[in-house]
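Please read the structure below before turning to the comments.
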Amino acid sequence: MAIGVFDSGVGGLTVHRELTRRFPDRDFIYLADQAHAPYGGLNGERIVELTREGCARLFEAGASVVVLACNTASAIALRRLQQTWIPGERERLGRPVNVLGIIVPTIEAATGMPWTYEADRMGDKIEAIDITGVFCTAATAMSRVYEIEIDKRREDLAVFSEPCPGLAGLIELGATPEELKVVVDEHVDALRRRIGRHPDTAILGCTHYEIISDLFAQALPEGTKLINQPTSVADSLERYFERHPEYELGGSARRSFLTTGRAGPQTEMVSQFWGAPLSFDAA
Ligand code: DGL
């Protein structure tokens, strides 16, 4: 058995890399749905359907827990799959399986509050409003998940999402850093103009953007806090596995990388981020 990691493409590698550092002996299967990437502009039902198919493929390949290393799939599909699909899958496969998302750990990191915490709205004094900017896909922005969930926990954080349509697609296609810098600068500036100032904290709410986090860091003022999604997800998964010893996660440090798209080497930018050439097999 293994830990499955799913994304529309290469963005989930940012989470995968941190998870393999945290659980070096465990077996991992990565699945990129590159045949259908990017997800950010698809409609909700299609995102649910593709995410379900990806998880089913990972269970079939031997995953017991699948981490949706994709904000878009986590925002749109996770709850539906957990509530309406996973119970039947457990029965069908005759073993414990589950699918987990990456938004809960990110919100916990951004608010400093556990997921179970809900702010008391009985008139606490609000000394200051800090601004959290979320750079994400159009589908994640439209779900308003970050606005809703952060507001439930922290009245003093104002959240503004900046959809960056096309950016994940450019990263998938291997656009140059110069081309990507123009797009990142435009979005950081668009958010600044909308709010009237830069955010105090930024969430790169699309795993693809973590690959180019240096471009976001350069575009934002020095000192802007960046929430690190891969670390938050790894912390949370560590706690989850302590509470759930029933999942078999393998122990031979096996790594496999699958794609629904074209098998073969990934782009130069991915190799640079990964620190070595990386090739995907056909799913
Ligand atoms: N990497 C994904 C995310 O975190 C999906 C990007 C896309 O396919 O549009 O949202």
Side-chain angles (χ1 to χ4, degrees), residues 4-19 30-55 58 66-79 81 99-107 109-110 133-147 149 161-175 180 183-184 187 202-213 215-216 226-234 236 257 259-261 266-267 269-270 273-274 278 280:
V5 180
F6 177 76
D7 184 36
S8 62
V10 295
L13 291 170
T14 58
V15 174
H16 181 281
R17 186 174 72 172
E18 187 58 32
L19 295 183
Y30 185 87
L31 175 63
D33 188 15
Q34 289 174 310
H36 305 104
Y39 279 11
L42 302 179
N43 77 45
E45 275 311 306
R46 185 73 177 133
I47 294 169
V48 174
E49 181 182 64
L50 292 171
T51 306
R52 191 195 312 111
E53 283 169 12
C55 292
L58 281 163
V66 172
V67 178
L68 299 182
C70 174
N71 289 267
T72 310
S74 301
I76 309 293
L78 179 65
R79 196 169 301 176
L81 297 187
V99 53
L100 305 172
I102 60 172
I103 288 178
V104 170
T106 311
I107 291 198
V134 184
F135 297 94
C136 58
T137 66
T140 300
M142 280 188 278
S143 78
R144 302 194 67 253
V145 64
Y146 281 104
E147 285 85 340
E149 297 299 344
S161 289
E162 170 67 17
C164 311
L167 184 53
L170 283 174
I171 295 169
E172 276 298 314
L173 291 170
L180 294 165
V183 180
V184 169
H187 285 295
I203 298 176
L204 302 187
C206 169
T207 52
H208 281 73
Y209 307 168
E210 190 63 38
I211 298 177
I212 52 164
S213 59
L215 296 182
F216 278 96
L226 274 179
I227 299 292
N228 190 292
Q229 207 166 33
T231 314
S232 317
V233 174
S236 162
F257 297 90
T259 179
T260 58
Q266 295 302 301
T267 61
M269 178 188 290
V270 169
F273 162 79
W274 196 249
L278 184 65
F280 288 178

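Please read these numbers as outputs of a predicted model, since none were measured by experiment. Order of listing sets the numbers, starting from 1, for every ligand and every atom in it.
Using a 4.5 Å cut-off on side-chain heavy atoms (C-beta onward), Leu278 and Leu13 make contact. With a 4.5 Å cut-off on side-chain heavy atoms, Tyr146 and Cys136 do not count as touching.
A tilted orientation is assigned to the rings of Phe257 and His16, their planes being inclined by 30° to 60°.
Residues that satisfy the salt bridge (Lys or Arg N to Asp or Glu O under 4.0 Å) test with Arg46, not counting sequence neighbours, are Glu49.
In this structure, Pro38 and Leu42 approach most closely via the heavy-atom pair O-CG, 3.9 Å.
Residue-level contacts of ligand 1 at the 4.0 Å heavy-atom threshold are Asp7, Ser8, Pro38, Tyr39, Gly40, Cys70, Asn71, Thr72, Thr137, Ala168, Cys206, Thr207, His208.
Between the side chains of Gln229 and Asn71, at least one donor N or O lies within less than 3.5 Å of an accepting N or O.
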